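Worksheet for the structure shown next.
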Amino acid sequence: MPMPIAAEPHAIQVEPGRTALVIIDMQRDFLEAGGFGESLGNDVALLHAAVAPCQAVLAAARAAGLLVIHTREGHRPDMADCPPAKWARGPEGMRIGDRGPMGRILIRGEPGHDIIPELAPAPGEVVLDKPGKGAFCATDLDLILRSKGIEALLVCGVTTEVCVNTTVREANDRGYRCVVVADACASYFPAFHDAALAMVKAQGGIFGWVAPSGAVLAALG
Ligand code: C5J
């Protein structure tokens, strides 16, 4: 049965069997002290507002039988997939691959790279490792979505203007309809969060739709 979501710039209908929930980078490295986010000078507490709405949407998506995809930003332990230009941007001693309180920063297999326990993937859910900001860059996400017949994405996670927004733009160009769940996303910069959501829904929804978690829960419920 189609699910109508009260979104902006206008309501959208999605089919549960053709819709995936994509939770972007809810990793310890971005949300906890000592990780990649803090190494870049950010206040990681600002991201915590998104956790409870993400949990609620995840529970509802599971109950509705949606495909659930969790992404993680990070690099191979040998860092062969970390462009020097990305590596060089952090402060010396706190860069990608350096050792911090949660292990090597933004490296796969390290504790900091894990998804926070509140949003731990369930068995059978897709966990997608990505080296970049966008979830389609150098990953098999498009193949997975097309193989499962997915055409619409509910997108949550962090940060709104970086990995969420990049992924939505990539998805939009590939023909997916994206609904960004506003309060289930967060940024280290509240003004950027607001601007990123505004950019998605402007011009008649140039990149997609924006809805509060309450509207998504009402649709899924
Ligand atoms: C950042 C992300 N902000 N997941 N990554 O570097 O948004």
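Read the numbers this way: they start at 1 and go in the same order the structure lists the ligands and their atoms. Note: hydrogens, waters and symmetry copies are ignored here, and every other heavy atom, side chains too, is used. Fair warning: this is a prediction, and the values are worked out from it, not measured in the lab. Counting begins at 1 with the first residue of the sequence.
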Closest approach of any protein heavy atom to atom 6 (O) of ligand 1, naming residue and atom
Lys133 NZ, 2.8 Å
Which bit of Asp25 is near ligand 1, meaning a heavy atom under 4.0 Å away: side chain, backbone, both or neither?
side chain
Quick note on ligand 1: atoms under 4.0 Å from a heavy atom of Val162 include exactly 1 (C), 3 (N), 7 (O)
With heavy-atom distances below 4.0 Å as the criterion, list the atoms of ligand 1 near Val158.
2 (C), 4 (N), 7 (O)
If we check side chain to side chain contact (heavy atoms under 4.5 Å, CB included) with Leu197, which of these qualifies: Asn165, Val180, Val164?
Val180
So is Lys130 polar-close to ligand 1, meaning N/O to N/O under 3.5 Å?
no
Knowing that exactly one of Val22, Ile23, Leu66 qualifies, which makes a side chain to side chain contact (heavy atoms under 4.5 Å, CB included) with Leu154?
Leu66
With a 4.5 Å heavy-atom cut-off, do Met3 and Leu220 have their side chains touching?
yes
Cys163 N/O under 3.5 Å from ligand 1 N/O:
yes
Is the shortest heavy-atom distance from the side chain of Pro111 to the side chain of Arg28 under 4.5 Å?
yes
With distance as the sole criterion, is a donor-acceptor pair present between the side chains of His113 and Asp29 under 3.5 Å?
no
With atoms numbered from 1 as shown, which atoms in ligand 1 lie under 4.0 angstrom from a non-hydrogen atom of Glu73?
1 (C), 2 (C), 4 (N), 5 (N), 6 (O)
Tell me the contacting part of Ile24 for ligand 1: side chain, backbone, both, or neither, using a 4.0 Å heavy-atom threshold, strictly below.
neither
Quick test: of every protein heavy atom, which one is nearest to atom 1 (C) of ligand 1, and how far off is it to 0.1 Å?
Phe30 CE2, 3.6 Å
Where Ile107 and Arg76 come nearest, the two heavy atoms and their spacing:
CD1-O, 3.8 Å
With a 3.5 Å cut-off and no angle check, do the side chains of His193 and Glu161 form a donor-acceptor pair?
no
